[in-house]
Amino acid sequence: LFDTCHMSEFRVTGPGAVETVARAVACRVRTLDVGRCRYGFLLNESGGVLDDLLCYRLAEDEIMIVANAGTRQRDAEVLEQRLAGVTFRDVSDATAKLDLQGPASMEVLQRLGAGDLCDLHYFHFRRTRLAGMDVLTSRTGYTGERGYELYVEPKHAADLWNRLLEDEAVEPAGLGARDTLRLEMALPLYGQELDESVTPVEANLDRFLPKAGGYVGAEAVAERARRGVDRRLAGIVFDGRRAARHGDAVTCPDPPGEGTVTSGSFAPSLGCAVALAYLPPACTRTGTRVRAEVHGSRIDGQVADLPFYTNGTAREPSCERK
């Protein structure tokens, strides 16, 4: 169980809200059904990532945008400017969020009265009642396991947290554990893999972009994809337990090239250290040997397929009906 109340939430409502959001952010919201959510980006005019986010279609003319905490003020200013003609509200202070992740998460929520969650599929959400509280429950996950996000009024957050912890299957976890889990799944973190100098093309995330364009930064992203990039995000598995960290240099002897680590840690599920790094495209082939410089010493590894680890439970059907 993770406390993620620090995240930012924005509501966009009114006639034309969906079309207006589709022009403001790089997310496929035009084809988003009510009850579903999608991953996307807030880009600048040059295609650089101001933030990554999730868009929830709450109603025909209402979108909730969930973004990162450290970029809240900038995101709000940019979105308010771009979303002229519809109602924009920063509801972060009026929204609490807890994340329950793990293979038993569905059963835990059902024991608290959530009802049958078998048909709550990946990247869907619904309104439920948990322990007598109104909760917006979604299923996206940031750990590689089946997982649910629970949005409640702040006055209910502590009570919901405590009720969840009463279940013997649930243990509290901190954001350090969350970071190693998302790294094993090669999921990006803003400020590490993503920032204003990076477009989704370099980060291998352009599959999430609307193909039709029409959003701020679309022309720059299309041009970057057309002419190619000089770096790509890749995964590295090191030979031992010692980890490279954000900013450490990486070299590739054959073919020659240099890059930079964005995230690195010992991976508890794998028993070795892993990292994400931006490398020249020629160095990103699986099996390519690399070395990282860590506090004046060298650690060796090789480029690996991503994600580093997955058991597939995040996307599998919630349960089988008899």
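Here Y56 pairs with F125, Y151 under the ring-ring contact (aromatic ring centres under 6.0 Å, His included) rule; sequence neighbours left out. The ring-ring contact (aromatic ring centres under 6.0 Å, His included) check on H246 picks up nothing, with sequence neighbours excluded. Residues meeting the salt bridge (charged side-chain N to carboxylate O under 4.0 Å, His left out) test with R231, sequence neighbours left out: none. Remark: R298 engages D300 in a salt bridge (charged side-chain N to carboxylate O under 4.0 Å, His left out) (not counting sequence neighbours). Under the rule for a ring-ring contact (aromatic ring centres under 6.0 Å, His included), F238 has no partner lying at least two apart in sequence or in another chain.
Hydrophobic cluster of V91: no remaining members, since no ILVMFWY side chain lies below 4.5 Å from it. With a 4.5 Å cut-off between side-chain heavy atoms of Ile, Leu, Val, Met, Phe, Trp and Tyr, the cluster of V34 takes in none.
Under 4.0 Å is where a charged nitrogen must lie from a carboxylate oxygen, and between E219 and R226 no such pair does. One finds a salt bridge joining R11 and E62 here, because a Lys/Arg side-chain nitrogen approaches an Asp/Glu carboxylate oxygen to under 4.0 Å. No salt bridge links K97 with E9; every basic N to acidic carboxylate O contact stays at or beyond 4.0 Å. Under a 4.0 Å N-O distance rule, the pair D119/R126 qualifies as a salt bridge. Taking 4.0 Å as the cut-off between side-chain N and carboxylate O, E19 and R23 count as a salt-bridged pair. The residues E77 and R74 are annotated as not salt-bridged, no charged nitrogen and carboxylate oxygen being separated by less than 4.0 angstrom.
Judged as a ring-ring contact (aromatic ring centres under 6.0 Å, His included), the pairs with a partner in residues 174-217 (not counting sequence neighbours) are, in order, Y39-F208. Listed by first then second residue, pairs satisfying ring-ring contact (aromatic ring centres under 6.0 Å, His included) with a partner in residues 253-276 number zero, not counting sequence neighbours. Pairs of residues two or more places apart, or lying in two chains, never qualify as ring-ring contact (aromatic ring centres under 6.0 Å, His included) while including a residue from residues 267-293. Pairs engaging residues 82-91 under the salt bridge (Lys or Arg N to Asp or Glu O under 4.0 Å) rule: R72-D90 [sequence neighbours left out]. Identified under the ring-ring contact (aromatic ring centres under 6.0 Å, His included) test for residues 65-100, with sequence neighbours left out: F10-F88.
In terms of modelled atom types and a separation under 3.5 Å, the side chain of R57 and the main chain of L32 share a donor-acceptor contact. Between the side chain of D159 and the backbone N or O of H156 there is no donor-acceptor pair closer than 3.5 Å. Between the side chain of D33 and the backbone N or O of R36 there is no donor-acceptor pair closer than 3.5 Å. Side-chain N or O atoms of T288 include none that pairs as donor or acceptor with a backbone N or O of T284 at under 3.5 Å. H124 contributes a side-chain N or O that, together with a main-chain N or O of Y122, makes up a donor-acceptor pair within less than 3.5 Å. A donor-acceptor distance shorter than 3.5 angstrom exists from the side chain of N204 to the backbone of L233, with no hydrogens or angles considered. With hydrogens and angles disregarded, a donor-acceptor distance shorter than 3.5 Å links the side chain of N162 to the backbone of A158. A donor-acceptor contact shorter than 3.5 Å links the side chain of T199 to the backbone of V201. Using modelled atom types, one side-chain atom of Q110 and one backbone atom of L117 make a donor-acceptor pair closer than 3.5 Å. At least one donor-acceptor pair closer than 3.5 Å links the side chain of S8 to the backbone N or O of N68.
Here the shortest heavy-atom pairing between L120 and R139 reads O-NH1, 3.1 Å. Summarising the geometry of C37 relative to T140, their closest heavy-atom pair is SG-CG2, 3.7 Å, with the distance given to 0.1 Å.
Side-chain atoms of R242 and S297 form a donor-acceptor pair, as typed in the model, at a separation below 3.5 Å. The closest side-chain donor-acceptor pair between E149 and T137, if any, does not fall under 3.5 angstrom. Between the side chains of Q192 and T262, no donor N or O sits under 3.5 Å from an acceptor N or O.
Within a 6.0 Å radius of CD in E168, no more than 12 heavy atoms belonging to other residues, nucleotides or ligands are found. Within a 6.0 Å radius of CZ in R241, other residues, nucleotides and ligands contribute 12 heavy atoms or fewer. Atom CD of E258 sits in a sparse spot, with 12 or fewer heavy atoms from other residues, nucleotides or ligands closer than 6.0 Å.
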D134 vs R127, salt bridge (Lys or Arg N to Asp or Glu O under 4.0 Å): CA-CA, chis, key distance, verdict: CA-CA 7 Å; D134 292 323; R127 299 184 187 278; over 6 Å; no

Side chain to side chain donor-acceptor pair (under 3.5 Å) evaluation trace for E145 with S105: CA-CA 9 Å; E145 290 280 3; S105 54; over 6 Å; no

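Both V18 and L79 are members of a single hydrophobic cluster when ILVMFWY side chains are connected at heavy-atom separations under 4.5 Å. Follow the hydrophobic side-chain contacts under 4.5 Å out from L50 and you never reach L194; the two are in separate clusters. Clustering ILVMFWY residues whenever any of their side-chain heavy atoms sit less than 4.5 angstrom apart, transitively, puts M106 in the very cluster that holds L160. Transitive grouping of hydrophobic side chains (ILVMFWY, heavy atoms separated by less than 4.5 Å) brings L58 and V66 into a common cluster. Each of M7 and F2 belongs to its own hydrophobic cluster when Ile, Leu, Val, Met, Phe, Trp and Tyr are linked at side-chain heavy-atom distances under 4.5 angstrom.
Here the CG-CD1 distance, from D239 to I299, works out to 9.0 Å after rounding to the nearest 0.5 Å. Note that CG of L42 and CD of E196 are 9.5 Å apart. Values are rounded to the nearest 0.5 Å.
When each of R178, R146, R182 is paired with D99, the salt bridge (charged side-chain N to carboxylate O under 4.0 Å, His left out) condition holds for R178 and for no other.
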